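To start, the structure itself, in structure tokens.
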Number of protein chains: 4
Amino acid sequence: MPIDATSPVPVFMQIADHIRRSVAAGVYKPGDTIPSLRAMALELVVNPNTVQRAYEELEREGVIQSRRGLGMFVTQDGVAGARARSLAAVQAAFTHGARAARAAGMSPEDTRAAFERACSDGQIDTRVQP
Amino acid sequence: MPIDATSPVPVFMQIADHIRRSVAAGVYKPGDTIPSLRAMALELVVNPNTVQRAYEELEREGVIQSRRGLGMFVTQDGVAGARARSLAAVQAAFTHGARAARAAGMSPEDTRAAFERACSDGQIDTRVQP
Amino acid sequence: MPIDATSPVPVFMQIADHIRRSVAAGVYKPGDTIPSLRAMALELVVNPNTVQRAYEELEREGVIQSRRGLGMFVTQDGVAGARARSLAAVQAAFTHGARAARAAGMSPEDTRAAFERACSDGQIDTRVQP
Amino acid sequence: MPIDATSPVPVFMQIADHIRRSVAAGVYKPGDTIPSLRAMALELVVNPNTVQRAYEELEREGVIQSRRGLGMFVTQDGVAGARARSLAAVQAAFTHGARAARAAGMSPEDTRAAFERACSDGQIDTRVQP
DNA sequence: GTGGTCTAGACCACA
DNA sequence: GTGGTCTAGACCACG
């Protein structure tokens, strides 16, 4: 996963978003464990505290559950929530883009063209490496 | 303009984005003045210093030029830059959305549907009131 | 005279400096009048209030004296002060440059070379047009 | 470093100039951190926000790079820029002095003498205390 | 009235 | 501890 440290959106949110999407996509299924705090921190070259905050966030949402000494497990009923939040995030991104396009005076055609371009670019595989 | 204080993207950037888009859309033309620091601050219910930061950014980009005692003026050749940056921002939003959709396991059809929904929602007029 | 509106040094000071130097150089001699407030403002494309502040500054220094309805006159004993202040300003500029050069790790040779270049560039005539 | 609050050049610019020169001189090398916002603010008896503005400017110039929670780091390729800007500033100071000298009617000999005096005065060590 | 700088002090994100 | 954003309110330069 690409972490953008310069982005205004906090790193811990980027991590949480990523896990949430992975759960929504079925990369991690209910009962699976997600990568350990330290493993994740090493992989992303990020402070463990930052990963911790992301995991806390997901636990609060009920997507994962910690079992001391065993790791973080994807819950049975958290998948629906993860899916809902992920779709909402996608919708929010598109809505934001559409509004910005309109505010900038872009024609509907150009806006649609930008979307098509985004779909091609989006083919870049962002799957997690387990 | 709607300012979202809870957004991870700083308020001053939201303001700068807004003005940039307005310039790109031709709401403010070269030679025009944009709303004064204090007027903008009052309208957005934000501290004047925050507006100032936004205006500084735009001045650095060459979109506007300050004249002490007179106001901030849209430059002749800053419009192209404003346009370019605005379009890039739109593209970035769509690309981000598309990537997130793919990462969440959304089908191309659902992704496209989300975009269409965004276009309808985007019709909300976000023009500035001068 | 070239006025730099973007400079951090206030416009009124730039004007005062210029007049002071002109007096020091003998362009305006004791008993002469300097250009009227409005003439100066028109020539420099500056607000009359700004010129006024410059003239006030010079009057406070004793370089000029206003005679109502007649204009601003260079005083007999103000010339020495104008000269002293102008020389001090020159000295200050060089000292500032020398310190900056040293702080930037420039060699004495390079520093001297920069000065020589400045002398060549300085030949640009900056005399007032009466 | 001496901060002159009465100078027409803003304090934050004085700070940025100082750091830029230090980087140009090799006091801070690529990969080094410069003093923290708060440390600098304490040392200069200045508000942290003021230091921040200076650091922002340097980051925009590419001289330093911020890492949240870690500090501000001198970049690999920002040193050249810092050097170039610093030399340009020295040149500007000398040119300004030379022009002022000429406008004040100083002889080339006196001008040169003023420069020599500046060089002696400039020996004052303005290195930062880390 | 305009923009520009500075301070004091708050809260947040990150290590 | 680090940097980053925001507020409230001050003073200055300019028109």
Side-chain angles (χ1 to χ4, degrees), chain A residues 3 5-15 41 45-54 57, chain B residues 3 5-15 33-41 44-56 58-59 64-73, chain C residues 3 5-15 41 45-54 57, chain D residues 3 5-15 33-41 44-56 58-59 64-73:
Chain A
I3 287 290
T6 73
S7 161
V9 28
V11 174
F12 82 90
M13 279 191 194
Q14 296 182 42
I15 299 173
V45 196
V46 149
N47 190 288
N49 288 341
T50 305
V51 180
Q52 167 92 18
R53 287 205 57 183
E57 172 78 17
Chain B
I3 288 292
T6 74
S7 161
V9 29
V11 173
F12 78 90
M13 280 191 192
Q14 296 181 41
I15 299 173
T33 67
I34 62 175
S36 83
L37 279 178
R38 291 157 176 85
M40 201 58 151
L44 303 181
V45 197
V46 147
N47 190 287
N49 284 341
T50 304
V51 179
Q52 163 116 20
R53 274 197 81 179
Y55 285 12
E56 268 176 26
L58 294 168
E59 190 171 15
I64 59 177
Q65 196 177 5
S66 80
R67 285 212 257 151
R68 292 200 268 191
L70 291 175
M72 316 283 309
F73 294 77
Chain C
I3 288 289
T6 73
S7 161
V9 27
V11 174
F12 82 91
M13 279 192 195
Q14 296 181 41
I15 299 173
V45 196
V46 150
N47 190 288
N49 287 342
T50 306
V51 181
Q52 166 92 19
R53 287 204 57 182
E57 171 78 15
Chain D
I3 287 291
T6 74
S7 162
V9 31
V11 174
F12 78 89
M13 280 191 193
Q14 297 181 41
I15 300 173
T33 67
I34 61 176
S36 84
L37 280 178
R38 290 158 177 82
M40 201 58 152
L44 303 180
V45 196
V46 147
N47 190 288
N49 285 339
T50 304
V51 180
Q52 163 118 20
R53 274 199 81 180
Y55 285 11
E56 267 175 28
L58 294 167
E59 190 170 15
I64 60 178
Q65 196 177 5
S66 80
R67 286 212 256 152
R68 293 200 267 192
L70 291 175
M72 316 284 311
F73 294 78

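Below, chains carry the letters A, B, ... as their sequence lines are ordered, and counting in each starts from 1. Note that the coordinates shown come from a computational prediction; the quantities given were computed from them, not determined experimentally.
- Of the listed nucleotides (F:dA13, F:dG15, F:dT5), F:dA13 has the atom at the smallest distance from the side chain of C:Phe12.
- Listed nucleotides: F:dT7, E:dG4, E:dA13. Nearest to the side chain of A:Pro10: E:dA13.
- Mapping D:Gly69 and B:Gly69 onto DNA chain E by nearest heavy atom places B:Gly69 closer to the 5' end of the strand.
- Within the 4.0 Å cut-off from OP1 or OP2 of F:dG3, not a single side-chain nitrogen or oxygen of D:Arg68 is found.
- Regarding B:Tyr55, its OH atom lies at a distance of 11 Å from the P atom of E:dG4, rounded to whole Å.
- One distance of note links CD of D:Gln14 with OG1 of D:Thr50; it measures 11.0 Å at 0.5 Å rounding.
- Of the side-chain N and O atoms in B:Ser36, none sit less than 4.0 angstrom from OP1 or OP2 of E:dG1.
- Applying the 4.0 Å criterion to OP1 and OP2 of E:dA13, one finds that A:Arg53 has a side-chain N or O inside that range.
- Using a 4.0 Å heavy-atom cutoff across all strands shown, D:Arg38 reaches at least one base atom of the nucleic acid.
- Between atom CD1 of residue B:Ile34 and atom OH of residue B:Tyr55 there is a gap of 4.0 Å, rounded to the nearest 0.5 Å.
- When each of D:Gln65, D:Glu56, D:Glu59 is checked for a side-chain contact (heavy atoms from CB on, under 4.5 Å) with D:Met72, only D:Glu59 meets the rule.
- Of all nucleotides present, only F:dT2 satisfies the Watson-Crick or G-U wobble test against E:dA13, with each distance under 3.5 Å.
- Remark: the D:Asn49 side chain and the E:dG9 base include a donor-acceptor N/O pair separated by less than 3.5 Å.
- With DNA chain F read from its 5' end, the first of the two nearest nucleotides for C:Asn47 and B:Met13 is the one closest to B:Met13.
- Atom OG of residue B:Ser66 and atom CG of residue B:Leu37 lie 9.5 Å apart, to the nearest 0.5 angstrom.
- Projected onto DNA chain E by closest heavy-atom contact, D:Pro48 and B:Gln52 fall at different nucleotides, the more 5' of which corresponds to B:Gln52.
- Here E:dG3 presents its P atom at 13 Å from CD1 of B:Ile15, a figure rounded to the nearest Å.
- In terms of position on DNA chain F, the residue among C:Val11 and B:Val46 whose nearest nucleotide sits closer to the 5' end is B:Val46.
- Side chain of D:Met72, nearest nucleotide from E:dG3, F:dC6, F:dG3: F:dG3.
- The shortest distance between the side-chain N/O atoms of D:Thr50 and the OP1/OP2 oxygens of E:dT7 is below 4.0 Å.
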